[in-house]
Q: 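Mind looking over this structure? Questions follow.
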Amino acid sequence: MAENYDVIVLGSGPGGYVAAIRAAQLGLKTAIVERENLGGICLNWGCIPTKALLRSAEIFHYMQHAKDYGLAAEKISADIEAVVKRSRGVAKQLNQGVTHLMKKNKITVHMGDGKLVAKGKLSVTKDGKTEELTAKNIIVATGARARDLPFAKTDGNRVWTYRHAMTPPKMPTKLLVIGSGAIGIEFASFYNDMGADVTVVEMMDRIVPVEDKDVSAFLEKALKKQGMTIMTGAGVEKLEVGANGVKAAIKDKGGKVVSGDYSHVIVAIGIVPNTENIGLEELGIKTERGHIVTDPMCRTSVDGIWAIGDVTAPPWLAHKASHEGVIAAEAIAGKHPHPMDVRNIPGCTYCHPQIASVGLTEAKAKEAGYDVKVGMFPFIGNGKAIALGESEGFTKTVFDAKTGELLGAHMVGAEVTEMIQGFTVGKTLETTEAELMHTVFPHPTISESMHESVLAAYGRALHI
Ligand SMILES: Cc1cc2nc3c(=O)[nH]c(=O)nc-3n(C[C@H](O)[C@H](O)[C@H](O)COP(=O)(O)OP(=O)(O)OC[C@H]3O[C@@H](n4cnc5c(N)ncnc54)[C@H](O)[C@@H]3O)c2cc1C
């Protein structure tokens, strides 16, 4: 007999497991279905293990620069195997944490491949055995996977997806990273700091192309200064995998095809949603460019079926997935959550230097018809940044000149991924320049650059 629930969540990433917890908190009998690891990509193969790797690289970098701080660190070396082991340990700890949270919230976990078989009906198959579950509401949270290059399959040996790059069989000596979005640039930064010779190829005319142009330009300069080769407006046309490495044919900005030899290649050209074989077509659930179409309450085109996270529209970020999970669960429980507002979702990239942003870039604000006021404050004018030896960076703010509304904030430099939330709270509360100017920022902190950037937009910066 089919097991009956109030809510079934298909997929246990940061979207799915958070949705399940919130549904259970609201008194709904909840089940979650997962075919691989509880916690999804984020905890096991994404956000968390990469941050663990990047932390090792950051410490390694500081050790190499110990002299700058009046310290001595001799015979420094990096053991990639131990670095990866630590990262996998961190991922495991978080995976166990989710297992514990499922138990604590009395959420039934069904391990196996889930498929919608009808409205309110889901099958779960494992080891050839299929069970049927029913629920009035089903939340699809199946996430996404790495997009492959059409002309070169990733093989885990020389040509890597993010999963391979997270568990490298050995340290690459000469690495080609294809794609400079958040994932590509984080791996480029990690391996560069760990001592590899890194080249990044980006098709667009600048790296991290979704960010503000000033951030892209600053980051490119900083990464080049660290020894990275960056080719923008360029495309990899061919990869030939040999016994000792990979030969790449790259069409550069000028249209000339150049050839390069690399020990390894990371393909980071985007993601593909996991929408195949889960019953979407049979139920007539609407998709667009492969992703499930939802309204701001996470409803799909079919009543009783909801979708959240990477399987839906961008931005494809863990915190967006989790927030949608809460919205969907609350809406199912008959509450009235605020609908998702994608304008207020921050984005962070943990390269070195870090970048973080929320809201509109200067160009997008102008495109949207705003008359803007822009403030820029460099970290070199910030006492804490200088004391930390981290004076490389800036904070940029974009305001609506007419109303003073904060439209966007863009940061590059040390700790900006921790600071952007200040602007995110401001944006969510629809703050204006007057309130931000009136806010007292603690001294000495790099966050003072946020205040100064606001002041700068109105010609009132104090320390520059
Ligand atoms: C290398 C890397 C670094 C990243 N870093 C960050 C970061 O720093 N910050 C950030 O916000 N985001 C980051 N992301 C993105 C983030 O991981 C995703 O946005 C997030 O995991 C999406 O969550 P989700 O719940 O939608 O799906 P996922 O985390 O993808 O989880 C989906 C789950 O569904 C399961 N599933 C799929 N199909 C089925 C099925 N038919 N039956 C059963 N189970 C199924 C999968 O096994 C998976 O566990 C990173 C991603 C990568 C790859």
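Start at 1 and go down the list; that is how both ligands and their atoms are numbered.
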Q: When you compare the side chain of Arg86 with that of Ser56, does any pair of heavy atoms fall below 4.5 Å?
A: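 Answer yes - side chains close enough.
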Q: For Leu317, which part has a heavy atom under 4.0 Å from ligand 1: side chain, backbone, both, or neither?
A: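 Under 4.0 Å from ligand 1, Leu317 contributes backbone and side-chain atoms.
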Q: Within a strict 4.5 Å, meaning less than it, do heavy atoms of the Thr229 and Val198 side chains meet?
A: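 Sidechains of Val198 and Thr229: no contact.
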Q: Compute the shortest N/O to N/O distance between Tyr350 and ligand 1 and return yes if it is under 3.5 Å, no if not.
A: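 Checking ligand 1 against Tyr350, no N or O pair falls under 3.5 Å apart.
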Q: Is Gly39 close to ligand 1, meaning an N/O of one under 3.5 Å from an N/O of the other?
A: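 So ligand 1 has no N or O lying under 3.5 Å from an N or O of Gly39.
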Q: Just jot down the ligand 1 atoms closer than 4.0 angstrom to any heavy atom of Asn37, in number order.
A: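 Within the 4.0 Å cut-off of Asn37, ligand 1 contributes 49 (O).
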Q: State, yes or no, whether a side-chain contact exists between Met231 and Val200 at a heavy-atom distance under 4.5 Å.
A: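 A side-chain contact is absent here, since even the closest heavy-atom pair is not under 4.5 Å.
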Q: Less than 4.5 Å apart, any side-chain heavy atom of Met376 and any of Asp214?
A: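 Sidechains of Asp214 and Met376: in contact.
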Q: Just which atoms of ligand 1 are under 4.0 Å from any heavy atom in Gly15?
A: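 Matching atoms, with element in brackets: 25 (O).
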Q: Which of the atoms of ligand 1 are close to Ala321, meaning less than 4.0 Å from one of its heavy atoms?
A: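 What qualifies from ligand 1 is 23 (O), 26 (O).
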Q: Does ligand 1 have an atom under 4.0 Å from some heavy atom of Met166?
A: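 Yes; Met166 lies near enough to ligand 1 that a heavy-atom distance drops under 4.0 Å.
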Q: Give the single entry among Pro14, Cys348, Gly309, Ser12 that approaches atom 23 (O) of ligand 1 most closely by any heavy atom.
A: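 Closest candidate by heavy-atom distance is Pro14.
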Q: Check each heavy atom of Asp113 against ligand 1 and say whether those closer than 4.0 Å belong to the side chain, the backbone, both or neither.
A: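 Both the backbone and the side chain of Asp113 come within reach of ligand 1.
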Q: With heavy atoms of Cys42 as the reference, note each atom of ligand 1 found under 4.0 Å away.
A: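 Checking each atom against Cys42, I get 17 (O), 21 (O), 29 (O).
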Q: For ligand 1, which atoms, with element, lie under 4.0 Å from some heavy atom of Gly40?
A: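 Per the distance check, 29 (O), 31 (O), 48 (C), 49 (O).
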Q: Number the atoms of ligand 1 from 1 as they appear, then name those within less than 4.0 Å of a heavy atom of Trp316, with their elements.
A: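 So the atoms of ligand 1 that pass are 15 (C), 19 (O).
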Q: Does His65 have its ring centroid less than 6.0 Å away from the ring centroid of His61?
A: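 When the ring centroids of His65 and His61 are compared, they turn out to be within the sub-6.0 Å range.
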Q: Report the member of Gly279, Gly114, Gly11 with the shortest heavy-atom distance to atom 42 (N) of ligand 1.
A: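 Among Gly279, Gly114, Gly11, the closest heavy atom to atom 42 (N) of ligand 1 comes from Gly114.
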Q: Using the benzene-type ring in the case of Trp, are the ring centres of Phe394 and Phe379 under 6.0 Å apart?
A: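 No, too far apart.
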Q: Which one holds for Tyr162 and ligand 1: side chain close, backbone close, both close, or neither close, with close meaning a heavy atom under 4.0 Å?
A: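 Tyr162 to ligand 1: side-chain contact only, backbone stays beyond 4.0 Å.
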Q: Using the ring of each side chain (for Trp, its six-membered ring), is Trp160 parallel, tilted or perpendicular to His264, with breaks at 30° and 60°?
A: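 Rings of Trp160 and His264: tilted, 30 to 60°.
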Q: Less than 3.5 Å between some nitrogen or oxygen of Asp310 and one of ligand 1, yes or no?
A: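 Yes, there is a polar N/O contact under 3.5 Å.
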Q: So, is Glu34 polar-close to ligand 1, with some N/O to N/O distance under 3.5 Å?
A: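 Yes: some nitrogen or oxygen of Glu34 is under 3.5 Å from one in ligand 1.
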Q: Could you list the atoms of ligand 1 found under 4.0 angstrom from a heavy atom of Ala141?
A: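 Within the 4.0 Å cut-off of Ala141, ligand 1 contributes 32 (C), 33 (C), 34 (O).
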Q: Using heavy-atom distances only, which candidate in Cys47, Ser322, Ala318 approaches atom 17 (O) of ligand 1 most closely?
A: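 Looking at heavy atoms only, the winner is Cys47.
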Q: Geometry only, no angles: is Ile183 polar-contacting ligand 1 at N/O separations under 3.5 Å?
A: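 Between Ile183 and ligand 1, no N or O pair is found under 3.5 Å apart.
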Q: Does ligand 1 have any atom that is closer than 4.0 Å to a heavy atom of Lys51?
A: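 Contact check Lys51 vs ligand 1: positive.
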Q: Below 4.0 Å, non-hydrogen atoms only: which portion of Ile278 touches ligand 1? Side chain, backbone, both or neither.
A: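 Under 4.0 Å from ligand 1, Ile278 contributes side-chain atoms alone.
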Q: Polar contacts were defined as any N/O atom of the residue lying under 3.5 Å from an N/O atom of the ligand; does this apply to Trp45 and ligand 1?
A: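 Between Trp45 and ligand 1 (N or O atoms, distance only) the closest approach is not under 3.5 Å.
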Q: For residues 163-181, which residue pairs qualify under salt bridge (charged side-chain N to carboxylate O under 4.0 Å, His left out), counting only residues two or more places apart or in two chains?
A: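 Residue pairs passing salt bridge (charged side-chain N to carboxylate O under 4.0 Å, His left out), neighbours aside: Glu36-Arg163.
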Q: With a 4.0 Å cut-off on heavy atoms, does Val311 reach ligand 1?
A: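 No.
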Q: Within ligand 1, which atoms have a heavy atom of Ala144 less than 4.0 Å away?
A: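 Within the 4.0 Å cut-off of Ala144, ligand 1 contributes 30 (O).
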Q: So do Met111 and Arg35 actually touch side chain to side chain, heavy atoms under 4.5 Å?
A: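 Result no, sub-4.5 Å side-chain heavy-atom pair not found.
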Q: Checking Arg88 against Trp45: charged group under 6.0 Å from the ring centre and within 45 degrees of the axis?
A: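 Here Arg88 passes the 6.0 Å and 45° test against Trp45.
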Q: Does the residue Gly112 have a heavy-atom contact with ligand 1, meaning some pair of atoms that are separated by less than 4.0 Å?
A: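 Judged by the 4.0 Å heavy-atom criterion, Gly112 does count as contacting ligand 1.
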